[in-house]
Amino acid sequence: IMSTAIQTSILYIPKTHSQTVTGGSSGIGKCIAVECYRQGAFITLVARDEDKLLQAKKEVEKFAINDKQVVLCISVDVSSDYSQVENVIKQAQEKLGPVDMLVNCAGTSISGKFEEVEVDRFKKLMEVNYLGSVYPTRAVITTMKERRMGRIMFVSSQAGQIGLFGYTAYSPSKFALRGLAESLQMEIKPYNIYVTVAYPPDTDTPGLAEENKTKPLETRLISETSGVCQPDQVAKIVVRDAVQGNFNSSVGPDGYMLSALTCGMSPVTSITEGLQQIVTMGLFRTIALFYLGSFDSIVRRCMIQREQSKTADKRE
Ligand SMILES: NC(=O)C1=CN([C@@H]2O[C@H](COP(=O)(O)OP(=O)(O)OC[C@H]3O[C@@H](n4cnc5c(N)ncnc54)[C@H](OP(=O)(O)O)[C@@H]3O)[C@@H](O)[C@H]2O)C=CC1
Ligand SMILES: CCCCCCCCCCCCCCCC(=O)[C@@H](N)CO
């Protein structure tokens, strides 16, 4: 097995060679790294905090299937300076060989009402979630094209398929990944490089726990629709889809419906997928209208409740 991996995302290739996972020190990214390691890949974990990286490295190493496997850690901010990102990826490739699969999982979220989110957060989220995926991808793409192989995963979100109450800063940064992925896929398909966009629902991670501290009631009630997943389940699904070269990777029944419904002009991976989209779209739009109605009534109910408790406070 040859291998290489790079940065904030995980890059993985069929029958696992080397893979780089950005955001690999926590949550979904860490589970993706474990999943690939269990299949024999060489891993590069990319994130900022060195202690968390070392801790994650120890956890991933428990799943080795042979004694040649390596987990490399790189501490870098994937969103701030391209030349820095390029440099560390180059170093990783020198140590572990060219990256077969890049997993762009580094990211963060904020929820809150539009006018309550600090203005500079809008920029911050675009930098981390969007540019933080552009930079590592840019750093590996030339080598992948030369080798005529590779996988690139972008970890978006169900909130990258629908805009929801509370996600005015977060959703656009996840929608942006879809535009990037579609454009890039058209360029690199002839080079045998496949792009995957993953759309997980709420997933039980330190990132979600952090987000929940400030989450508006509306956002919480709406998100409950598709429930909370475990990160290792999400990792299994998205890694399988990336290895198979599927453009779209969805998790759970709601995720499946959302992806069929929002497929638009995105590339199609198989005849079955295309047929399913054609046959189900009208039905899923009908179901979606009911969901949208229930989301609107959640928002209205919460507004009325807030106003009532405000007037009650005033009377006291
Ligand atoms: N959990 C959920 O409910 C869902 C999450 N997602 C997406 O999945 C991805 C992972 O989420 P989750 O596992 O919950 O997140 P966590 O907060 O648990 O982990 C985030 C990871 O990204 C790294 N990271 C964050 N910012 C940077 C940066 N600027 N440069 C380099 N590394 C960075 C963190 O390390 P460090 O801070 O040390 O840099 C950490 O390793 C995110 O993109 C998120 O938007 C999508 C749908 C649902
Ligand atoms: C046929 C139509 C079906 C419609 C189903 C609609 C389901 C809506 C639920 C959306 C949940 C959004 C989760 C965002 C997770 C996330 O990215 C953050 N937690 C990150 O921390």
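Remember, it's 1-based here, ligands and their atoms both numbered in the order they're listed.
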For atom 48 (C) of ligand 1, which of the options A235, P201, S157, P231 provides the nearest non-hydrogen atom?
P201
Just which atoms of ligand 1 are under 4.0 Å from any heavy atom in S79?
29 (N)
Counting both backbone and side chain atoms, is some N or O of D202 under 3.5 Å from an N or O of ligand 2?
yes
I'd like to know if K90 and E86 make a salt bridge, using a cut-off of under 4.0 Å between side-chain N and carboxylate O.
no
What atoms of ligand 1 come within less than 4.0 Å of a heavy atom belonging to V155?
7 (C), 8 (O)
When you measure from the heavy atoms of L53 to every atom of ligand 1, does any distance fall below 4.0 Å?
no
Rounded to the nearest 0.5 Å, what's the gap from CG on L131 to CZ on R138? Could you check?
12.5 Å
Heavy-atom contact check, 4.0 Å cutoff: does E211 meet ligand 1?
no
For the pair E210 and K213, find out whether any cationic side-chain nitrogen is under 4.0 Å from an anionic carboxylate oxygen.
yes
Quick check on D77 - does any of its heavy atoms sit under 4.0 Å from an atom of ligand 1?
yes
Q158 and side chain to side chain donor-acceptor pair (under 3.5 Å): which partner among S259, S250, S226?
S226
Judging by distance only, is a nitrogen or oxygen of K215 under 3.5 angstrom from one on ligand 2?
no
Pull out every atom of ligand 1 sitting under 4.0 Å from any heavy atom of G27, numbered as shown with elements.
13 (O), 18 (O)
Quick check on contacts: which atoms of ligand 1 are under 4.0 angstrom from a heavy atom of V76?
30 (N), 31 (C)
Using a 4.0 Å cutoff against the non-hydrogen atoms of D202, which atoms of ligand 1 qualify?
3 (O)
So, does N129 use its side chain to make a donor-acceptor pair with the main chain of T108 at under 3.5 Å?
yes
For C105, counting its heavy atoms only, list the atoms of ligand 1 lying under 4.0 Å from any of them.
9 (C), 10 (C), 42 (C), 43 (O)
Could you list which atoms of ligand 1 come closer than 4.0 Å to a heavy atom of S25?
35 (O), 40 (C), 41 (O)
Is Y170 close to ligand 2, meaning an N/O of one under 3.5 Å from an N/O of the other?
yes
Is there a donor-acceptor pair under 3.5 Å between the side chain of Q69 and the backbone N or O of A41?
yes
Close-contact set for ligand 1 against K52 heavy atoms, below 4.0 Å:
35 (O), 36 (P), 37 (O), 38 (O)
Tell me if the aromatic rings of F284 and Y291 count as close, with their centers under 6.0 Å from one another.
no
Y170 heavy atom under 4.0 Å from ligand 1:
yes
Counting heavy atoms only, name the option from S111, G107, S226 that's nearest to atom 9 (C) of ligand 2.
S226
Would you check whether E211 has a nitrogen or oxygen atom less than 3.5 angstrom from a nitrogen or oxygen atom of ligand 2?
yes
